[in-house]
Protein chains: 2
Amino acid sequence: MRSIINPSKNRFKVLLERSLRKTHSINIMCNCEVEYKGRAVSHLKMGDRVVLIKPDKTVIVHQPSGRNPVNWMPAQAHIKLEESTLKIESVNPREFMKIKFNHVHVFSSSPLKDAATLKQVGSEADMAKMIYDNPRLIGEFVPASMEEQTTYGFIDVFGRDYNNNLIIIECKRYKAGLDAVQQLRRYVEKIKKDKSKEIVTGIIAAPKITSNAKKMLEDWNFKFVKIEPPMYLVPDKELQKRLEEYET
Amino acid sequence: MRSIINPSKNRFKVLLERSLRKTHSINIMCNCEVEYKGRAVSHLKMGDRVVLIKPDKTVIVHQPSGRNPVNWMPAQAHIKLEESTLKIESVNPREFMKIKFNHVHVFSSSPLKDAATLKQVGSEADMAKMIYDNPRLIGEFVPASMEEQTTYGFIDVFGRDYNNNLIIIECKRYKAGLDAVQQLRRYVEKIKKDKSKEIVTGIIAAPKITSNAKKMLEDWNFKFVKIEPPMYLVPDKELQKRLEEYET
DNA sequence: TCGGATAGGCGCCCA
DNA sequence: TGGGCGCTTATCCGA
């Protein structure tokens with residue numbers, strides 16, 4: 001575990017090499033320039049950033065605002081330190097990134113251990129399962145299978161109405177757009193053709209749908225069923241109260 | 001600028017409060033637990049992580065591997081420190097995240113300043129522009145407009161063949177899949193209807209296309225034209241020149 | 001704000 | 001490995 005403020009260039013190099021060798025997680029607050037070439041080409045001029053290097057060799061560069069990194073390299077890249085100019089170069093078969101450090105404000109590293117995995121509820125798959133287990137949510141629906149395979153994609157929930165006509169349900173955890181309707185349409189057409197059925201009902205199950213998607217849905221005689229994903233927390237009284245407490 | 005190894009809980013709290021007040025960028029290597037509730041619900045048990053807090057109040061939690069954060073809160077959230085148990089809670093109108101710190105390995109913060117914005121070449125828009133400026137890439141094509149508007153979406157490049165029939169081009173910077181073909185299909189159908197044209201040619205312009213997308217393309221009598229996005233792994237000098245051009 | 005679409009998207013799962 | 005697709009996607013841009 002190490003943390004150094006304003007290390008000299010030599011010192012920084014030694015620290016970085018040691019931390020990489022020990023596969024520590026590394027955080028560098030610095031002024032730097034970044035160059036990327038591979039799936040696109042980019043250049044980022046001088047500025048202060050946070051550079052994160054993980055034991056798996058993931059490199060992530062964050063500017064002081066925003067949720068997403070401005071530059072990065074995926075895991076398994078090869079990291080090389082350039083002797084003279086205080087650069088690191090991360091390379092994999094299809095791309096590379098160079099970081100040129102002008103000044104290191106803070107260097108810190110630590111041998112982080114983490115065996116935990118995120119437990120999460122509220123995904124589209126959870127939604128599909130909820131519908132499968134509670135077909136009444138859809139109405140006249142007898143579920144048959146989940147994750148039905150088509151060469152044109154996976155059908156979320158598959159079943160029949162009480163007249164034995166096929167029903168295909170596409171779930172969206174938030175708001176269904178044109179792409180969702182197109183997806184559904186692809187499945188419906190594929191199934192109609194493969195199983196030689198005349199009547200196949202397409203249903204979008206989502207908490208919301210965009211205006212245009214609704215229009216397209218109607219053009220194609222599909223249906224929209226408003227369903228909230230399980231555990232989806234809508235802005236509610238409790239949260240509002242909590243917020244008000246903090247707005248002081 | 002500050003960096004502290006293994007701060008006591010009280011010390012950590014004081015440091016964090018000061019850094020937040022000064023709107024520094026903050027890095028915390030720690031053992032923690034994370035709870036999230038909002039667009040989904042999640043829990044992450046004890047483990048070592050890197051917590052990044054930016055001046056815009058973005059909070060990002062990274063495990064020691066992988067490119068993506070395991071938990072996060074977008075900018076503009078309200079951050080609160082809980083007195084007794086060494087937690088921070090980040091709240092916005094629709095979600096909140098709690099981080100409970102069991103131990104802080106390293107705390108560091110620094111007033112990072114960064115005015116630079118990423119200059120990048122090789123986007124889909126760059127591709128569309130390239131085609132618009134060099135219609136021969138497509139063949140028999142007279143470009144008419146870029147970013148043509150439909151209620152059902154934006155057409156990348158729009159034009160005509162030598163017989164004055166309409167051509168719609170959908171660009172993809174990497175590999176075109178089923179969704180790309182569906183997108184194209186949506187535009188073609190819309191234009192056919194709106195302009196009462198019989199013949200509208202749909203073209204996918206991309207470096208690659210998936211096998212299934214190719215099949216669907218053929219079903220719909222669309223065409224695939226193999227085109228690389230501009231600046232996709234070109235030599236250094238040229239890149240430098242090109243980047244400079246784009247920066248003007 | 002809504003709606004549509006891209007992203008160096010990432011990451012997961014399944015054939 | 002390729003293909004399809006969800007994601008607390010984020011982010012941008014236009015109406």
Side-chain angles (χ1 to χ4, degrees), chain A residues 36-42 58 60 66-75 92 94-97 118 120-128 147 149-156 170-180 182-183 186-187 208-215 229 231-233, chain B residues 36-42 58 60 66-75 92 94-97 118 120-128 147 149-156 170-180 182-183 186-187 208-215 229 231-233:
Chain A
Y36 168 81
K37 202 167 147 190
R39 287 174 284 174
V41 172
S42 75
T58 304
I60 303 171
R67 186 261 190 193
N68 282 343
V70 63
N71 280 111
W72 70 92
M73 281 290 281
N92 73 27
R94 66 168 175 171
E95 54 197 343
F96 76 85
M97 180 176 73
L118 188 73
Q120 187 163 264
V121 184
S123 68
E124 191 182 289
D126 293 328
M127 231 179 127
E147 292 274 306
Q149 305 262 345
T150 314
T151 47
Y152 280 2
F154 308 90
I155 295 169
D156 288 339
E170 174 59 35
C171 304
K172 289 295 161 196
R173 66 182 304 285
Y174 180 49
K175 190 186 282 191
L178 292 174
D179 53 340
Q182 289 280 83
Q183 205 180 331
R186 196 159 75 219
Y187 303 150
K208 294 183 184 185
I209 188 165
T210 67
S211 46
N212 289 332
K214 193 143 189 288
K215 238 178 289 170
M231 304 304 297
Y232 193 90
L233 185 75
Chain B
Y36 169 81
K37 207 167 150 191
R39 288 174 282 174
V41 173
S42 76
T58 304
I60 302 171
R67 187 262 189 193
N68 282 343
V70 63
N71 280 111
W72 69 92
M73 281 289 281
N92 73 27
R94 65 170 177 173
E95 54 197 341
F96 73 87
M97 182 176 70
L118 188 72
Q120 188 162 263
V121 183
S123 69
E124 193 181 289
D126 293 327
M127 234 180 126
E147 292 275 305
Q149 195 116 25
T150 313
T151 47
Y152 280 2
F154 303 87
I155 296 168
D156 288 339
E170 173 60 32
C171 303
K172 289 295 160 195
R173 67 180 306 285
Y174 181 49
K175 191 187 282 192
L178 292 174
D179 52 341
Q182 289 279 88
Q183 204 180 333
R186 196 159 77 219
Y187 302 150
K208 294 183 183 185
I209 187 165
T210 67
S211 47
N212 289 331
K214 192 143 190 289
K215 237 179 291 171
M231 305 306 300
Y232 201 85
L233 272 178

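The sequence lines fix the lettering, A, B, ..., with proteins before strands; numbering per chain opens at 1. Since the structure is predicted, the reported quantities are computational estimates derived from the model, not experimental observations.
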Sidechain-backbone polar pair: Asp179(B) side chain, Asp179(A) backbone, donor-acceptor under 3.5 Å: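 No, the answer is negative, given that no donor and acceptor are paired below the 3.5 Å cut-off.
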Test item: Arg186(A) side-chain N/O and Gln182(B) main-chain N/O as donor-acceptor pair under 3.5 Å: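 Looks like no, no N/O pair under 3.5 Å.
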N/O donor-acceptor pair, side chain Glu124(A) with base dG6(D), under 3.5 angstrom: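 No pair found.
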Check: Asn71(A) side chain, dG8(C) base, donor-acceptor under 3.5 Å: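 Donor-acceptor pair under 3.5 Å: yes.
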May I ask you to say what [X] touches in the nucleic acid, namely base, sugar-phosphate or nothing, with a heavy-atom cut-off under 4.0 Å?
X: Pro74(A); value: base
X: Tyr36(B); value: base
X: Glu170(B); value: sugar-phosphate
X: Glu147(A); value: nothing
X: Val70(B); value: base

Atom-pair distance (CD on Glu95(A); C1' on dG8(C)), nearest Å: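 For the pair Glu95(A) CD and dG8(C) C1', the rounded distance is 7 Å.
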Value in whole Å for how far the P atom of dG3(C) lies from CZ of Phe154(B):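 Spelled out: CZ on Phe154(B) to P on dG3(C) is 13 Å.
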Residue Lys214(A) excluded, over 12 heavy atoms near NZ under 6.0 Å: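 12 or below, so no.
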Just N and O in the side chain of [X]: are any of them under 4.0 Å from OP1 or OP2 of [N]?
X: Trp72(A); N: dG9(C); value: no
X: Gln120(B); N: dA7(C); value: no
X: Lys172(A); N: dG6(D); value: yes
X: Arg67(A); N: dC10(C); value: no

